Amino acid sequence: MNSAKKNIENILNTDRFMFRIGELSQMTGVSARQLRYWEKKGYIQSEAREDGQRARVYSFKSFVKVSLIKEFLDQGFTLPAAVDKMTEQGKRMSELHQLYHNAYHGLGFYEDQLWVNMGYFDDEKTKILLAHVGDDDDVHYRVMPEEEVAEKLEKIGPETLPGPPMP
DNA sequence: ATTCTAACA
DNA sequence: TGTTAGAA
């Protein structure tokens, strides 16, 4: 796989993100004391770690949960109520996540544009639906035979997208 | 330097 | 819940 695609997909891959308690605290505005307390109450959880370290690490999912709880607390809900609301929201979010996960089948360049491969367009599974956001912020679609997609969209050079500078 | 737990002038 | 202490 080419590096431009890897760069973009790494940005999209939230599973790699791990936060320490101080980081999560700053990100969410929730004190470290609260985070430990919420965990003891079972509202959130930190990741189990294989190494012998005790310092908590949090996943991106925990970040989302904490952010939601914080939001509801700021709206005036009690902590248990805020947690209930977070759980409810989380269900909707995972549904949305499934939706976009089903719709996302990779990225590629074509005609000097970055396209999202949205999977098969037809029930016969011969054509692919592509989408890209133009300079006008409108989404443009294109249907293309699968073979053509394989030919043209996989030919992405690393120079097409500037990556982060190498230290 | 950061995080841990336990405790509270 | 905040804020400490002393340890890791």
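Protein chains get the first letters and strands the later ones, always in sequence-line order, with residue 1 at the start of each. Source: prediction; values computed, not measured.
Note: CZ (A:Arg33) to P (B:dC8) measures 13 Å, nearest angstrom. For the pair A:Glu39 CD and C:dT1 P, the interatomic distance rounds to 15 Å; values are reported in whole Å. As a whole-Å value, the separation of A:Leu79 CG from C:dG2 P is 12 Å. In this structure, the CG atom of A:Leu35 is 14 Å from the C1' atom of B:dC4, given to the nearest Å. We find that CD of A:Gln53 is positioned 11 Å from C1' of B:dT2, with the value rounded to whole Å. B:dT3 atom C1' lies 14 Å from atom CG of A:Asp51, rounded to whole Å. Atoms CE (A:Met18) and P (B:dT3) sit 14 Å apart, rounded to a whole Å. Rounded to a whole Å, the CD atom of A:Gln34 is 11 Å from the P atom of C:dT3.
Toward the 5' end of DNA chain B, the nearer of the two residues A:Glu23 and A:Lys40, judged by each one's closest nucleotide, is A:Glu23.
Looking at the side chain of A:Arg20, the nearest of the listed nucleotides B:dT5, B:dT2, C:dT1 is B:dT2.
Note on A:Phe109: it clusters hydrophobically with A:Val139, by side-chain heavy-atom contacts below 4.5 Å among ILVMFWY residues.
Using a cut-off of 4.0 Å between Lys/Arg side-chain N and Asp/Glu carboxylate O, A:Arg142 and A:Glu111 are scored as salt-bridged. We find that A:Arg56 and A:Glu39 are joined by a salt bridge, their nearest charged nitrogen and carboxylate oxygen being less than 4.0 Å apart. Checked for salt-bridge contact, A:Arg92 and A:Glu88 meet the test: a charged N lies under 4.0 Å from a carboxylate O.
Nucleotide B:dA9 forms no Watson-Crick or G-U wobble pair with any nucleotide shown, as no partner meets the under 3.5 Å limit on both distances.
For the OP1/OP2 pair of C:dA8 and a distance below 4.0 Å, the side-chain nitrogens and oxygens of A:Arg54 include no atom meeting the criterion.
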